[in-house]
Amino acid sequence: MNRQELFDIAENWFIEQNWKPFPFQKETWKAFLQGKHGLLNAPTGSGKTYALWFPIVLNYIKQNPDYKNKHKKGLKAVWITPLRALSQEIRQSAERVVTDLDTQMTVGIRSGDTSTKARAQQKKQMPDLLITTPESLQLLLASKGYDKIFKDCTSIVVDEWHEILGTKRGVQMELALSRLKTVSKHLRIWGISATIGNMEQAREVLLGPQSEALENSVMIKANINKKITVKSIIPKKMETFPWRGHLGLHLLEYIIPIINNSKTTLLFTNTRSQCEIWFQKILEKHPEFAGEIAMHHGSINKETRIWVENAIRNETLKAVVCTSSLDLGVDFAPVETVVQIGGPKGVARFLQRAGRSGHRPGKESVIYFLPTHAIELIEASALQKAVKQNTVEDRIPYLNSYDVLLQYLTTLAISDGFYPNEIFREVSDTFCYQALSEENWQWLLNFLVMGSQSLQSYDEYKKVDVEEDGRFKVNNRGVAMRHRFQIGTIVGDVNLTVKYQKGGYIGTIEEYFVSKLNKGDVFTFAGRNLEFIRIKDMQVHVRNSKKKTSKVSSWMGSRLTLSAQMSELLRNELYSSGEEREKQSIEIQSLTHIFERQRRESIVPQPDEFLIETFKSRDGYHAVFYPFEGRFVHEAMGSLLGYRISLLSPITFSLAFNDYGFELLSDKPIDMQEVLDNNLFTTDFLLDDLQKSLNATEMARRKFRDIAIISGMVFTGYPNKGIKMKHLQSNSQLLFEVFRDYEPDNLLFQQAFTETFEHQLEEGRLRLSLERIATQNIMWKQCEKATPFAFPLITDRLSREKLSSEKLEDRIKRMAAILMKK
DNA sequence: GACCTGCTGCGGTTTG
């Protein structure tokens with residue numbers, strides 16, 4: 001069958017379905033059938049699965065003209081999804097293509113949800129088309145004879161590539177692909193990605209920089225312009241609208257008509273506790289919604305979440321309060337309206353959420369933005385622009401993640417073993433390890449065989465043997481077993497399960513929250529009021545309570561920072577406040593009185609200006625700086641500046657920071673003129689000063705915990721045996737200290753610092769923003785008291801507390817105490 | 001003078 005004939009089949013199929021073939025699908029089939037690799041830039045709900053299942057099956061037909069009589073069994077294509085929950089839908093589209101084209105191909109899913117028995121069965125006879133996760137793919141690479149499984153695999157599709165690109169799961173994917181390129185001789189690699197800023201780089205990471213695959217590849221853009229309408233909720237009485245805060249409850253009544261006027265509404269909150277509070281408050285103020293609204297976040301029991309998802313689909317719910325747990329996942333056609341409560345911190349996240357509504361081709365997406373404090377209205381205005389200009393963030397790929405590489409090498413060593421030369425070539429073709437030196441490679445190999453220099457006398461770190469023919473192989477079954485348990489790069493927090501005494505799981509909660517509770521205390525979780533009874537076997541036993549309570553479960557998640565794009569948009573909106581009123585957005589207009597007050601007491605900076613405010617209060621001498629660069633950069637810049645000032649004359653500061661700026665507070669006045677004269681914002685010796693200024697070691701220590709687990713140095717325990725937090729924490733800490741004292745050139749130890757600077761403190765952005773400040777005029781204003789801009793910062797006691805090592809130790813002690821009790 | 005903080009995701013024998 002030639003290509004044209006195949007093409008006709010496909011086209012007819014589309015006509016029969018009464019679907020209009022989108023040009024991008026034809027384009028994809030064409031490129032695929034020509035043997036090209038590619039990256040398909042298409043949003044969810046655009047028929048992207050058909051765009052690839054089709055050519056995959058057509059290609060099989062092409063290679064087996066007699067396919068109806070003689071079906072050739074064996075794995076032909078692998079579809080990678082980062083979310084197990086998406087597998088079913090992907091399977092359905094595959095099955096439809098397979099049956100409609102009248103082949104006998106089989107479709108299967110392999111993930112953590114697949115039973116052990118089914119997995120074993122599956123390995124004996126692989127389905128033709130397999131849907132799986134990055135982790136399960138690695139587990140396949142960890143089994144003997146994996147090369148035979150993948151020998152005739154012709155295609156691998158990485159779905160939602162933008163989601164995993166900037167994560168260690170992405171690195172894991174790069175490594176798997178580097179192996180499969182060799183094992184599967186006729187492999188086509190395709191990625192599917194939503195629009196991101198660095199689309200070209202996304203392709204490079206997927207296929208390998210300077211690789212043959214990249215040369216023989218295409219980028220296909222679906223160009224489906226979705227109409228998105230953003231509506232900001234602007235309080236009628238701005239005068240009483242708070243300057244700070246994050247819950248946004250004072251605007252609760254504004255969303256009631258929105259919920260009433262729409263079939264189904266999703267309310268996105270930024271944190272799980274915020275989600276709990278909003279759910280509770282809506283019901284409290286509007287009991288008529290009882291049974292019609294629900295809640296969804298990552299700590300709620302899975303069954304409940306699935307129930308909620310289905311209820312959305314069946315249109316039995318009016319509204320769901322949720323966190324980003326509903327960002328991705330099953331498409332909810334009935335969702336008409338989306339509300340974002342509080343700043344989404346990034347444009348992509350906002351668009352993603354907007355796209356959850358109006359999920360039908362040609363339908364408009366509507367998203368309401370509910371600000372939680374005054375300055376967030378500037379963000380609202382910025383988001384309006386962002387949507388118009390189609391701005392989106394980059395996803396920055398990881399570089400040199402030695403921990404993931406060590407895990408991967410161990411994976412290969414427990415299956416068939418590997419020859420270093422062959423694997424080195426493959427690995428150094430990936431984006432992540434393109435700069436991997438021969439010397440570091442040797443270090444890693446040595447680490448596998450000997451443990452590191454300082455761990456040589458401990459046998460548990462000697463995992464891999466070198467065979468006579470030079471093959472690296474794990475021969476210890478215990479090592480192999482434990483490694484399989486621990487494949488993956490997601491290191492979760494240790495949580496306790498919350499359940500009723502007579503059974504019935506409600507969800508998970510952090511130990512630190514429970515540690516604050518006493519027997520009989522009532523707290524809100526998963527929308528219920530629960531009475532705390534006891535902790536037993538890592539479980540929190542509770543019973544329902546009618547008592548009122550103000551204790552709402554909270555979790556210590558990672559903190560979101562304003563993205564670089566959002567920051568820039570925000571600054572631009574701020575500058576626009578100086579323009580004529582007609583040119584301003586309604587959000588900026590609504591802030592007029594705040595801007596006026598800010599101008600009265602200080603200034604609103606213009607593009608060429610950098611604002612510093614100083615004033616004195618009961619608490620001491622305040623110096624507030626406004627780079628508008630997001631909290632991470634401010635944390636770094638604040639400590640950097642504090643350190644540099646203290647070099648001029650001894651002085652101690654406490655630091656506070658938020659997304660808009662940072663504050664140095666001291667009991668002595670700062671000689672600001674001296675600060676300005678000494679050019680303290682310079683990028684010279686940046687890294688060095690940063691190291692000295694903040695507790696980089698403490699931050700790195702926290703990063704190291706993940707690295708130690710991913711690289712396999714610390715074992716997280718057997719399934720269902722309960723994880724001993726104490727051990728986990730202390731083991732990785734112990735290793736960290738050993739390396740710090742005896743082996744500072746250890747690559748994993750160093751990686752902890754690299755990750756701290758690049759990912760936590762965003763050194764690159766810090767540098768850029770310092771350079772920007774260098775070109776601006778410094779506007780130093782000596783104020784009487786806190787200005788509207790300064791107010792949120794100086795009252796932010798929470799961010800002022802810098803994490804100290806004592807805190808961590810306290811935490812471990814508490815944990816140990818709990819473990820001892822049981 | 002305004003203030004209830006901190007997301008998501010996966011995996012859990014193999015081999016004879």
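Keep in mind that this is a model prediction, so the values were computed, not measured. Any value given below was found using the heavy atoms of this structure, including those in side chains, with hydrogens, waters and symmetry copies removed. The chains referred to below are lettered A, B, ... by the order of the sequence lines, with proteins before strands, and numbering in each begins at 1.
Using modelled atom types and a 3.5 Å distance limit, the side chains of A:Ser143 and A:Lys123 yield a donor-acceptor pair. For the residue pair A:Glu309 / A:His296, a side-chain donor-acceptor distance below 3.5 Å is found, with atom types taken as modelled. Between the side chains of A:Glu276 and A:Thr524, no donor-acceptor pair of N or O atoms lies under 3.5 Å.
Picking from B:dC10, B:dG6, B:dA2 the nucleotide with the shortest atom distance to the side chain of A:Thr271 gives B:dG6. With B:dG9, B:dG11, B:dT14 as the candidates, the nucleotide lying closest to the side chain of A:Arg484 is B:dT14. Of the candidates B:dG6, B:dA2, B:dC7, B:dA2 carries the atom nearest the A:Trp243 side chain, counting heavy atoms from C-beta on. The A:Ser324 side chain lies nearest to B:dC7 when the options are B:dT15, B:dG6, B:dC7. Closest to the side chain of A:Arg631, out of B:dC4, B:dA2, B:dG6, is B:dG6. When distances run from any side-chain atom of A:His246 to the nucleotides B:dA2, B:dC4, B:dT14, the shortest one goes to B:dC4. The nucleotide whose nearest atom lies closest to any side-chain atom of A:Ser554 is, among B:dT15, B:dC10, B:dT5, B:dT5. Nearest nucleotide to the side chain of A:Thr323, out of B:dG6, B:dT8, B:dT14: B:dT8.
Against the 90° criterion about 0, the sugar-base torsion of B:dT5 places it in the anti range.
A 6.0 Å sphere centred on NZ of A:Lys516 holds more than 12 heavy atoms belonging to other residues, nucleotides or ligands. The environment of CD in A:Glu284 is crowded: more than 12 heavy-atom neighbours from other residues, nucleotides or ligands sit within 6.0 Å.
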TODO: Decide salt bridge (charged side-chain N to carboxylate O under 4.0 Å, His left out) for A:Glu135 and A:Arg169; before the verdict, give the C-alpha distance in whole Å, the side-chain angles of both, and the deciding distance to 0.1 Å.
DONE: CA-CA 8 Å; A:Glu135 287 80 8; A:Arg169 296 179 87 189; 2.9 Å; yes
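Following rounding to the nearest Å, A:Lys237 (NZ) and B:dA2 (C1') show an atom-to-atom distance of 14 Å. Spacing between atom NE2 of A:His297 and atom P of B:dT5 amounts to 15 Å, rounded to whole angstrom units. Atom NZ in A:Lys302 sits about 10 Å away from atom P in B:dG9, given to the nearest Å. To the nearest angstrom, P of B:dT14 lies 18 Å from CG of A:Asn475. For A:Tyr146 and B:dT15, the OH to P distance is 13 Å, given to the nearest whole Å. Protein atom CG of A:Leu83 is 10 Å distant from nucleotide atom P of B:dG11, rounded to whole Å. Atom CZ of A:Phe715 is separated from atom P of B:dG12 by 13 Å (rounded to the nearest Å). Protein atom NZ of A:Lys168 is 15 Å distant from nucleotide atom C1' of B:dC10, rounded to whole Å.
Nucleic acid contact class of A:Gly488 (heavy atoms, under 4.0 Å, all strands): none. Using a 4.0 Å heavy-atom cutoff across all strands shown, A:Lys281 reaches at least one base atom of the nucleic acid. Across all strands, A:Arg597 comes closer than 4.0 Å to base atoms (heavy-atom distances). Heavy atoms of A:Thr116 sit under 4.0 angstrom from primed sugar atoms or phosphate atoms, though from no base atom. The residue A:Thr167 sits apart from the nucleic acid: no heavy atom pair falls under 4.0 Å. Nucleic acid contact class of A:Ile490 (heavy atoms, under 4.0 Å, all strands): base. At a threshold of 4.0 angstrom between heavy atoms, the contacts of A:Leu139 are confined to the sugar-phosphate backbone, with no base atom among them.
Judged by distance alone with a 3.5 Å cut-off, no donor-acceptor contact links the side chain of A:Arg272 to the base of B:dT5. With hydrogens and angles ignored, no donor-acceptor pair under 3.5 angstrom links the side chain of A:Arg482 to the base of B:dT13.
A:Ala176 approaches A:Leu137 most closely through the heavy-atom pair CB-CD2, 3.7 Å.
Comparing A:Arg84 and A:Gly298 along DNA chain B, the residue whose closest nucleotide (by nearest heavy atom) sits nearer the 5' end is A:Gly298. Both A:Trp555 and A:Ala142 lie close to DNA chain B; mapped to their nearest nucleotides by heavy-atom distance, the more 5′-ward contact belongs to A:Trp555.
In terms of phosphate contacts, A:Ser136 brings a side-chain nitrogen or oxygen within less than 4.0 Å of OP1 or OP2 of B:dG11. Phosphate proximity of B:dG12 to A:Arg119: present, with a side-chain N or O under 4.0 Å from OP1 or OP2.
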